[in-house]
Structures are given as C-alpha cells and as structure tokens.
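Some notes on the structure that comes next.
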Amino acid sequence: MKQELRVRFAPSPTGPFHIGGARSALFNWLLARKEDGKLILRIEDTDLERSTRESEENIKASLRWLGIEWDEGIDVGGEYGPYRQTERLDTYRQYTQQLLDEGHAYHCYCTEEELDAERQAQMDKGENPLYSGRCRDLSQADRDRFIAEGRKPTVRFRVPGNQQIIFKDLVRDTVSFESNGVGDFVIVKSDGIPVYNYAVVLDDALMKITHVIRAEEHLSNTPRQILLYQALGLELPQFGHISLILGKDRTKMSKRHGATSVEQYKNLGYLPEGLVNFLALLGWSPVGEEEIFSQEELIREFSMDRVAKNPAVFDIDKLNHINAHYIKQASSELITELALPHLRTAGFIGEELTTEQHAWLVKVVAELQGYISYAAQITEHIDVFFNDDINFENEEAREIMKDPDIPVVMEAFKSKLAALEPVEPAAVQAILKGITKELKLGGKKVYMPVRIAITGKMHGPELINLVPLIGKERTLARMDCLIAKI
Ligand code: GLU
C-alpha cells in the first residue's frame, strides 16, 4: 500500500501573515489535496518573546479566508497533538534526555559574554564564527563548579566531524553540506525551551510528516536537522525548498514593495480565488500558457516537479490582472460589501445606508466592476455617480462640445429625456438612436457629446445605464451645468 502523504504548514506566530507564508501553505495544501494526503497545521511558538496568540489567530483566519483548510492540527485536533509547540515541552524533554544519555548532546555552561568574546576573536582572525566546543568534554568537577556559580546550561548538539550531509531536495535536486561548517549548536535554551531546529525535527518525525515543503530560507537549517534525525534514529522526510519571493526590482520582497500580508490584500478587496491563483504561480508553472486556474484546476495541475529553483518575482500587475478576472465574475453584492469601508473612508457614503441607497449602490458597483482589479479601486471610478458639479476632464472634451451640431443634439436629448417615464436603459438607448436618425448624424456626434455633457469625461460606464442610475433630474441639471461651461 502506498504510504499516505502527510505535509505540514508550521508558521511561527510572530507577526502579520506574510504572502510568502501563504504561498508555502498553499503549495502544501495543493499537494495534500492532489495526493489525497493530509495537511497538518502546527504552530511553532518557541520564540516566546515574539509569538502572540493574536498572530496565530490572524494566520488561521487568513488561511481559512484563502480556502486552505487543514486536516489535522491546531483547532481541529488529530492523533499526533498537541499541535502548538509550547504544549509539547514534555515530549521534547524526553528526547533531549535520550540525546544527552547517548552522548549526542551535552550541557554548555558558556555565558553570552563568553560566547560573544569567542565569536569576536574568531572574526578578528578572519575565521567563520563557530562554537569552539569548549563545554564538549567537561569534567564533573567543572560542571559542579559552573552549577555552583549559578550558571544555567543550554543543551548543545554534538555535531559529528568530517561528514558530508547530502540530500535530494524536491526542488533543488542534490544538496550537500559539510558537517565541519556546522558548529555544535544549541538545541535547548537555558530556560528549557527548545529551539526551532530541534523542535521541528521531533515534531515532523512524531507527526509522521512525509514531505517538508517550505521556504528556501530554511535550506541552510536542513543539514542541522538531518544530523538530528540521524542522532535520534528517526526516519527522514523528503525536503522541498521553494524559492524566495522577490520584488520587481529583484530584491527580497518587503514592505517597500507594497502590501506584504494576506490581511492587507483582503482589506483592499482582493478575492481569495484571485490571490490563491496568483500565489500558485509564484514559483510553480503550469504546462500551458493559461494563467487563470480555479482551485480544482490547481489541485489537478499542481506538481512539485514544475516548481522552479529560481526566485519568483512578485508582479503586482499580474496579481491585479488575475484578480480582475475574479472580480468580474463575482456578485455585485459581494463587491459592494468589500468596497463599503473604502467608500466610507473616501467620503462617498456615510455610516448608514437606507435599503434604497444600498440597492442603488449595488447597481452602480455592477457598472464599475469591469474596470477594477480589487474592490477598493471602486473609489477611483465612482465619482461620476456622485459628483454633479461637472467639469471638462480636458481640452479635447471641451473641443468636442464646440461643434456647431452640439446645441441641437443637447436640446433634443434633454427634451426627450424630460418626457421619458420610467427612465430605463432601453428607453435611453432608443432616445439616442432616435436622435442620430432624426438629425442624420453619426453616432459619434451624439453618444460622445451626451456622455461628456453628463460626466465631463470621454469614457466611462455604459451611458445607457449611467443615465437611469443618476436619474432624470440630476442628468438634466448636469447637462445644463456643463453646457454653461463650453
Ligand atoms: N516556523 C518556521 C517558520 O515560520 C517553519 C519552518 C519550517 O517549515 O520548517 O519559518
């Protein structure tokens, strides 16, 4: 029987949930779904100073919003819990004792000051700073003396010398490191809390993780982890390190490049389908040219062997292009909902909307949905529905209105609209058509000037929908306002 694939996403809850983390979670999730495996969510909170429950909540909420559901782990439980590292300290302790008993680890009594001085001396000599192994073979008398001085030991792993650590990475192929370049490293701090490199090994092994798919920044941790697996006699998982995400200037993606957290994109009114689609393409390339993929298609198409070694570039224009596709497909009610806070901040609407105002707004949003990439962008296009003090957007628009045929077109439209009841798109269309026929003018001499008279602009939402949404009175008033400015 084929072994069940078990992957995990193991964030440290130390800040906003970064899109890089979301991409790692997504790749693991896609793999789990494709292979009928399990995704485990584990919280790596051994950095007590920086870890917060607030960040953990934010990560979980962001994952759920993206549609990345986990099968085991925090909140949902499972056979291999607990799934928060600070709740697993007893388990780590047992294995630490085993490592100490077998001589794979030892207590180190060096103080921070001593270690700093050692590092400094090595760097002054132009050497790589590596722990000298001073506490490797302490006598019982030395130990007793340090304990009597009140020193609290860390536990260090005894790195075997002269070994080549070679592994086959699912993304980077064969990777090798020399153990001599890895100094004996701390696995348990003096307060009894294990460090990431140690806890991660025990957890991945005990949770029966088969594939560790994570960001490239952990590649250099992998040799330490492999040495620990070997010392503990645990079976190695397969590793896959997915490449860094760079900004368009090819430096590491950071706040300078714009929004970096999932929540920021959510708040701007991006859709989870759009973000997931985009994140999937950050490092993975599908077989053909197609860029739009539903979650089902991604699950079907995704494979680790099409995950690239070279860095992925975060191209916001591509995200916007992809998200625009999903915005067009979404219901206007949803986009309205997402746009509301932005419309309030921009001052277009107040806190409360009547049912009629809301219904009107949904229709307005429906008109604009095709022009935006994310909901907050509605504020850049909606002015035309609110602002009745119309001005020419440029001289070209004013020139068009100076044509000698314009006054009669304006009069014709105004009088027909004044008589129209109810004002509906088809009826407005009929008026415009009627005018071109009666006055024997081309469409250009009618549609564009009427649009300019109502909006001041040469382009914008469908004219025949715009007029009913603005309403008869406001449309007529706007036309007078603009005609006076010719
Ligand atoms: N807690 C680590 C991080 O957030 C996870 C590393 C790993 O996946 O092994 O970077």
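Only heavy atoms go into these numbers, but all of them, side chains included; no hydrogens, no water, no symmetry mates.
Between Phe302 and Phe27, the distance from one ring center to the other falls under 6.0 angstrom. Ring centroid separation for the pair Phe278 and Phe314 comes in under the 6.0 Å cut-off. Aromatic rings from His218 and Tyr196 are positioned such that their centres are separated by under 6.0 Å. The aromatic ring centroids of Phe239 and Phe167 lie less than 6.0 Å from each other.
Taking CG of Leu227 as the start and CD of Gln163 as the end, the distance is 6.5 Å to the nearest 0.5 Å. Residue Lys189 holds its NZ atom at 6.0 Å from OG1 of Thr46, rounded to the nearest 0.5 Å. Once rounded to the nearest 0.5 Å, the distance linking CD1 of Ile372 with CG of Asn320 reads 10.5 Å.
Listed for the Gln264 side chain is a donor-acceptor partner under 3.5 Å among the backbone atoms of Ser261. Under a 3.5 Å cut-off, the side chain of His104 and the backbone N or O of Val159 do not form any donor-acceptor pair. Counting only distance, with no hydrogens or angles, the side chain of Glu263 and the backbone of Ser62 share no donor-acceptor pair below 3.5 Å.
A heavy-atom distance below 4.5 Å is not found between the side chains of Glu44 and Arg84. The closest side-chain heavy-atom distance from Trp360 to Lys363 is not below 4.5 Å. Thr222 is listed as a side-chain neighbour of His241, based on a closest heavy-atom distance under 4.5 Å. No side-chain heavy atom of Ile43 sits less than 4.5 Å from a side-chain heavy atom of Gln85. Side-chain contact between Leu246 and Thr251: absent, with no pair of heavy atoms (C-beta onward) separated by less than 4.5 Å.
Comment: Arg64 engages Asp75 in a salt bridge, judged by a side-chain N to carboxylate O separation of less than 4.0 angstrom. Between Lys309 and Asp169, none of the side-chain N atoms (NZ, or NE/NH1/NH2) sits under 4.0 Å from a carboxylate O, so this pair counts as no salt bridge. A salt bridge is absent between Glu72 and Lys208: the closest approach of a Lys/Arg side-chain nitrogen to an acidic carboxylate oxygen does not fall below 4.0 angstrom. A salt bridge links Asp317 with Lys248; the closest basic N to acidic carboxylate O contact falls under 4.0 Å. Under 4.0 Å is where a charged nitrogen must lie from a carboxylate oxygen, and between Asp204 and Arg42 at least one such pair does. Checked for salt-bridge contact, Glu57 and Arg53 miss the test: no charged N lies under 4.0 Å from a carboxylate O. Salt-bridge formation is not detected for the pair Arg8/Asp203: no Lys NZ or Arg NE/NH1/NH2 atom is positioned less than 4.0 Å from an Asp or Glu carboxylate oxygen.
For Glu54, the CD atom sits in a loose shell: 12 or fewer heavy atoms of surrounding residues, nucleotides or ligands are nearer than 6.0 Å.
Across Phe157 and Ala231, no two heavy atoms sit closer than the pair CE1-CB, 3.5 Å.
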Show me the side-chain donor-acceptor pairs of residues 281-291 shorter than 3.5 Å, one per line, residues at least two apart or across chains.
from: Glu290; atom 1: OE2; to: Ile292; atom 2: N; distance (Å): 3.0

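A cation-pi arrangement is present between Arg224 and Phe185, with the terminal nitrogen or guanidinium carbon under 6.0 Å from the aromatic centre and inside a 45° cone about the axis. Taking the ring centre of Tyr131 as origin, the terminal cationic atom of Arg156 falls inside the region bounded by 6.0 Å and 45° from the ring axis.
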> Would Glu118 and Arg134 count as a salt bridge (Lys or Arg N to Asp or Glu O under 4.0 Å) if you check the C-alpha gap in whole Å, the side-chain angles of each, and the deciding distance to 0.1 Å?
Replying inline: CA-CA 10 Å; Glu118 184 174 292; Arg134 223 175 344 164; 3.2 Å; yes
